[in-house]
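Count residues from 1 along the sequence. Note: hydrogens, waters and symmetry copies are ignored here, and every other heavy atom, side chains too, is used.
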Amino acid sequence: MESGSYSSIPSNVRLWRATTEAIQHLIALRGEQDLSREVVGALGAVAKAAAADRVVLFENAFDMKTGDLLTRITFEWTRESVRPSPRMSVPGEDWTLRDAFRLWHNQLVRGGSAQDDSLAAQLVLGCDGPARLCALPLLMDGFLWGVLRIDRFSEGKPFDAEELAVLASFGAGLANTLLRDRAQQELKRSNAMFAELNRQLEEANHHATELAKQAQAAAQAKSRFLANMSHEIRTPLNGIIGMTDLLLDTSLDTRQREFTQTVRMCGENLLMLINDILDLSKIESGKLELEESEFLLRLCLEEAVDMLAAQAQRKKLTLALRIDPNVPERVLGDRARLQQVLINLLSNAVKFTETGSVVMRVALTALEGTRTTLRFEVEDTGIGIPKEGIARLFQPFTQLDASIVRKYGGTGLGLAISRLLVEAMGSRIELESEEGKGSRFHFAATFVALGDHTASTTRIRRMTLRGMAMLVVDPSPITRSILVEQLEIWGIRAKGVAALEEIPPLVDHSFQPRLTLVDSGTPHLRLALENGQLSRLGALLLITSITDRSVANEYLALGFRNYLTKPVRRNILQDMIHEALFTEGDGNHAPPKSARNPAETAPSRPPRECRILLVEDDLVNQRVASLLLAKAGYRADLANNGQEAVEAVKRQPYDLILMDCQMPVMDGFTATRGIRELGSPHGVRPTIIAMTANAMQGDRERCIDAGMDDYIRKPVQAKQLYDTLAEHVAVLPEAAPSPAPVTGERIPSPSGAADDEPLFDPEPLRTLAGLVGETDSGLVRDLLRSFIAEFEPVIAEMNAAASSGDWDTPRGLAHTWESRSGNIGARRVQALCHLIQTDVRSGKTARIPSLVENLAEAYRQTCPVLFEAYPDASGL
């Protein structure tokens, strides 16, 4: 900056003006200008006005390690004839003057300035000759920010008070300017840093968004994969379990029955594993939604215990259920998930208990209005769990050690799934266990309690039992106490004993039992019956295990009125007591429902005639479902896919449609919507029941949304099928007798090469005729005639389509005729149809024309064989 000419102006005024212009100039500077050069220029202008030869700006700071005050040269101006002090030769780089500065600092703070007669000033400022100098402290908020030093060599005149004041003001302004500039620079750096952080944050957000999209896509792909795998795995399992069920209903010797039961058990175990993996996947992906529906709590609990009854009794374990009287009968909640948790806990307890008991207890712990909190507990006398193993017990695929897996089996999924389900219910599973002394699992769950809906007849029955005397004879203290407690709840005067020897002291004029419940395992029971020692105990009811029914029949012949199986269900107990006391007869009653084999579920005949359409593309599933229907007295038409189902509904009315969901040509959802759009073309709105292996979250809802009325999960269990049919058939309007089926049964597709297949296998037709009760060859003749008459035009259509590059037509026709040829045992035709479908699906269309040609040749070779086996088939 230019200082101008001040020769005609007094020195004090000249100094004041120079300092003012210098500060104003520095304040007006823009950020892009070189501040260091401008500051040195300002120092020079002020030095010239003050007749000084050197001006130095010192800046102070604390040593962060020692706490000492340090100083360094920030800016310096000197005349050309003045050389800088050696210690000032490198401004702004080295903090120096550590020792002398402390003394000088104290002097500056006390006196406000330092003249050249100060030894400290000379030491600090490095005077090296005769000079007049001053050192002005620059205080910022009470802190000695720095020092402004001005030297006079040429004049040697001391600074007066006015000059010192002007120079001190200049120094303060200069320091403020520097602080402002540094603040601006810091702000720029901060803004740049924040801009960079924002840029990085935006990149991170973008990256996270992309990862979330990828994760969502992966989750969707996983869900689709699980849904497809569920369907594909359940489909053959349906055939395995269904066929073994049917096989067990035939005449088998002991070894054959044992092998068949083993196959069925393995199929059920595999199905359970599949269900566990699917459940774990749904829960971990957050797709599990708890349902709320009304259900009978006791029935739910009794069913869970019943499922483990046979397993427990084979190990001679006491399996018992104890429900406190104040637990509500009806509640609103997720019945299926609650039962799943309890079954897992019970199964785990039974598996790891060799002797003793497994007891499930349910108690009311809190009641707020209708919101009821219940405590569920499963206690066993099994192997127990060491404390260090408890934390790992609820982790997926985890068991305590390899020996447990070898001895007891299992995947370690049951407890992990139970923990996640209970957490979804808003609670947690607690475990109390001691190694070698058993375990107790317990958790709480909240439900909405609903009003009691006990039927009036049930209440009347209970009233008729009030005040009666009854006796319970059972060696198990747990079972005995539960039965006595239940009888007392009904107002019965009940007593319990462990052995027959304890009875005489109890029975007197004040306690004469009207009925006695006796466990089949009671010692000396047969001898006591033969000697008439139980004649004073009223009507006798036997309590036995599911696995000891032959024993039960023997005791019925010795005087027992009936028998119940353990664990005893409350309603069955009441029915049996009432029947034994108030029903006349000779005592030879049919066993109660709870005593019957759950597999014996087929009704002797359907409740009424109905028209059923079975829509299923899988040959094994068609056969299983058709045979189950035939066993119950139902007849069904068959459709290979949804398109055939829609066309069938257009042709004739159906009361019930069993609809698969995943099929070629048209799936079950599309077919259902199409059927619903037809309305009631024949005055009948068919009931559509999904019968599908889809078991993922939302599949049931998807079926209902498509217009279906109910849902049966594959593998189809006979009881489930019959119960569902009975429920819907019972409410059907009266209709004309169902027409005869238009389609026959089918058999599985071949798995080997077509050339290795025989032309004809008569077994499918023989089996079909026997299973559906055919007394003549009418059905067989119709199937053969249909095949012979309709198949040749199909080959021509396949050839024409293949010539034009239309591969969907051969694939669709092959799918239809694979099953039709399988119906009559035309094995080679069936195999070639299967190969055509396989090649089209995999994109290998090059050999389709030759396969169609081979198909035509196989058809021509098969017809004479059919005519020879069934001469009536030639009468077209």
Side-chain ([X]) to main-chain ([Y]) donor-acceptor, under 3.5 angstrom:
| X | Y | answer |
| --- | --- | --- |
| T177 | I27 | no |
| S169 | V166 | no |
| R14 | K48 | no |
| E163 | D160 | yes |
| S427 | A444 | yes |
| R337 | V422 | no |

*For residues 201-213, which residue pairs qualify under side chain to side chain donor-acceptor pair (under 3.5 Å), counting only residues two or more places apart or in two chains?*
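Of all non-adjacent pairs touching residues 201-213, those that pass side chain to side chain donor-acceptor pair (under 3.5 Å) are R199-E203.
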
For [X], side-chain hydrogen bond (donor to acceptor under 3.5 Å, both in side chains) partners two or more places apart:
| X | answer |
| --- | --- |
| R189 | E186 |
| E292 | none |
| Q200 | E196 |
| D667 | T670 |

_Counterpart residues, ring pair (Phe, Tyr, Trp, His ring centres under 6.0 Å), relative to F295 (two or more places apart)_ = none

*Can you name the residues that form a ring pair (Phe, Tyr, Trp, His ring centres under 6.0 Å) with F443, not counting sequence neighbours?*
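F443 satisfies ring pair (Phe, Tyr, Trp, His ring centres under 6.0 Å) with F376 once adjacent residues are dropped.
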
*Do the non-hydrogen side-chain atoms of T446 and T372 ever get within less than 4.5 Å of each other?*
no

*Could you walk me through whether L57 and L178 pass the side-chain contact (heavy atoms from CB on, under 4.5 Å) check?*
CA-CA 11 Å; L57 182 67; L178 292 174; 3.4 Å; yes

Residues in side-chain contact (heavy atoms from CB on, under 4.5 Å) contact with [X], at least two apart in sequence or another chain:
| X | result |
| --- | --- |
| T370 | V448 |
| A175 | L138, M140, W145 |
| V40 | F75, W77 |

[atom1]-[atom2] distance between [X] and [Y], expressed to the nearest 0.5 angstrom:
| X | Y | atom1 | atom2 | value |
| --- | --- | --- | --- | --- |
| S418 | Q340 | OG | CD | 7.0 Å |
| T78 | R54 | OG1 | CZ | 7.5 Å |
| N348 | D380 | CG | CG | 7.5 Å |

Looking at every non-hydrogen atom in both residues, tell me the closest pair between [X] and [Y] and how far apart they are.
| X | Y | answer |
| --- | --- | --- |
| G384 | S439 | CA-OG, 3.7 Å |
| S433 | G438 | OG-O, 3.1 Å |
| A42 | F170 | O-CZ, 4.2 Å |

*Residues which pass salt bridge (charged side-chain N to carboxylate O under 4.0 Å, His left out) with R428, listed by chain and number, not counting sequence neighbours*: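 By the salt bridge (charged side-chain N to carboxylate O under 4.0 Å, His left out) rule, R428 matches E430.
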
*Who passes salt bridge (charged side-chain N to carboxylate O under 4.0 Å, His left out) against R180, sequence neighbours left out?*
none

*asked:* Looking only at side-chain N and O atoms, does E379 offer a donor or acceptor that is under 3.5 Å from a partner on H442?
replied: no

